[in-house]
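What follows is a single structure, written as structure tokens, with notes after it.
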Amino acid sequence: MNAIPVRLQGNEGSGDTPGRSTSVITRTKPKTKKPSLYRVLLLNDDYTPMEFVIHILERFFQKDREAATRIMLHVHNHGVGECGVFTYEVAETKVTQVMDFSRQHQHPLQCVMEKK
């Protein structure tokens with residue numbers, strides 16, 4: 001809390017100066033809570049080409065070629081891979097973008113989000 005002394009004019013005085021008193025106004029800082037974070041995950045399938053997954057990672061997650069290839073191989077070898085961690089709204093948008101883009105190109109790629 002920040003205390004700010006304020007001089008008030010009036011007849012009720014208890015200080016040295018007649019007609020003046022000092023009051024303290026406190027201002028509380030609002031407590032802000034950090035937003036929950038969500039992991040965006042790609043799930044492996046037997047049909048989506050590896051090059052398409054790399055393209056997804058570069059286009060929607062701003063990964064460079066090397067990072068995109070590393071994530072794609074992780075998805076391929078482990079069945080699932082993390083594309084990034086975002087707030088709820090951003091994660092939801094990314095999942096929708098990936099799913100829509102995959103469907104437009106007739107690929108069954110699955111993208112999900114989970115709370116971190």
Side-chain angles (χ1 to χ4, degrees):
M1 272 192 292
N2 297 333
I4 304 169
V6 177
R7 292 238 177 241
L8 301 174
Q9 297 222 357
N11 292 337
E12 67 287 331
S14 61
D16 299 346
T17 311
R20 291 185 174 225
S21 66
T22 302
S23 296
V24 176
I25 298 174
T26 58
R27 187 181 338 167
T28 58
K29 260 188 171 176
K31 292 186 180 183
T32 55
K33 190 174 103 177
K34 291 193 177 195
S36 298
L37 296 176
Y38 292 80
R39 299 171 66 208
V40 175
L41 307 170
L42 284 179
L43 307 179
N44 190 41
D45 64 69
D46 294 332
Y47 305 100
T48 305
M50 292 179 177
E51 195 60 39
F52 184 78
V53 175
I54 291 171
H55 179 69
I56 289 280
L57 291 163
E58 291 172 335
R59 179 174 178 158
F60 297 108
F61 299 96
Q62 289 70 49
K63 302 295 182 187
D64 61 30
R65 189 75 171 178
E66 184 180 329
T69 301
R70 189 171 48 252
I71 294 168
M72 177 276 298
L73 287 172
H74 189 275
V75 171
H76 180 72
N77 293 323
H78 297 93
V80 65
E82 181 179 284
C83 305
V85 178
F86 309 95
T87 59
Y88 180 83
E89 291 80 9
V90 174
E92 187 177 46
T93 300
K94 299 266 186 202
V95 168
T96 301
Q97 288 174 329
V98 169
M99 295 293 289
D100 290 348
F101 190 75
S102 296
R103 296 303 159 264
Q104 288 169 4
H105 291 85
Q106 285 94 38
H107 294 298
L109 184 65
Q110 293 291 306
C111 186
V112 298
M113 58 189 261
E114 70 176 26
K115 194 167 187 175
K116 187 165 175 143

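Owing to the predicted nature of the structure, the values given are computational and were not obtained by experimental measurement.
Between Glu58 and Ala68, the closest heavy-atom pair is CG-CB, 4.0 Å. Nearest heavy-atom pair across Val85 and Glu82 is CG2-OE2, 3.7 Å. Considering all non-hydrogen atoms of both residues, Leu43 and Val75 come closest at C-CG1, 4.0 Å.
The number of heavy-atom neighbours closer than 6.0 Å to NE2 of His76, taken from other residues, nucleotides and ligands shown, is 12 or below. Within 6.0 Å of atom CD in Gln62, more than 12 heavy atoms from other residues, nucleotides or ligands are found, so the atom counts as buried in its surroundings.
Counting only heavy atoms from C-beta outward, the side chains of Phe60 and Val40 never approach each other to under 4.5 Å. By the 4.5 Å heavy-atom criterion applied to side chains, Ser36 and Lys115 are counted as neighbours. Within the 4.5 Å cutoff, no side-chain heavy atoms of Gln110 are placed close to those of Asp45. Side-chain contact between Tyr88 and Met113 is present, with at least one heavy-atom pair separated by less than 4.5 Å. At a threshold of 4.5 Å between non-hydrogen side-chain atoms, the residues Val98 and Leu42 count as touching. Looking only at side-chain heavy atoms (C-beta outward), Phe61 and Phe86 come within less than 4.5 Å of each other.
Taking the six-membered ring where tryptophan is involved, the planes of His55 and Phe52 are tilted, since the angle between them lies from 30° to 60°.
Expressed to the nearest 0.5 Å, how far CE of Met72 lies from CG of Asn44 amounts to 10.0 Å. How far SG of Cys83 is from NZ of Lys63: 7.5 Å, rounded to the nearest 0.5 Å. Separating the CZ atom in Arg39 from the NZ atom in Lys116 is a distance of 7.0 Å, to the nearest 0.5 Å.
The hydrophobic cluster containing Ile56 does not contain Val112, counting ILVMFWY residues as joined when their side-chain heavy atoms lie under 4.5 angstrom apart, directly or transitively. The hydrophobic cluster containing Ile54 also contains Met99, counting ILVMFWY residues as joined when their side-chain heavy atoms lie under 4.5 angstrom apart, directly or transitively. Cluster membership check: Met50 shares its hydrophobic cluster with Ile71, using side-chain heavy-atom separations under 4.5 Å among Ile, Leu, Val, Met, Phe, Trp and Tyr.
Between the side chain of Arg103 and the main chain of Leu109, a donor-acceptor pair closer than 3.5 Å is present.
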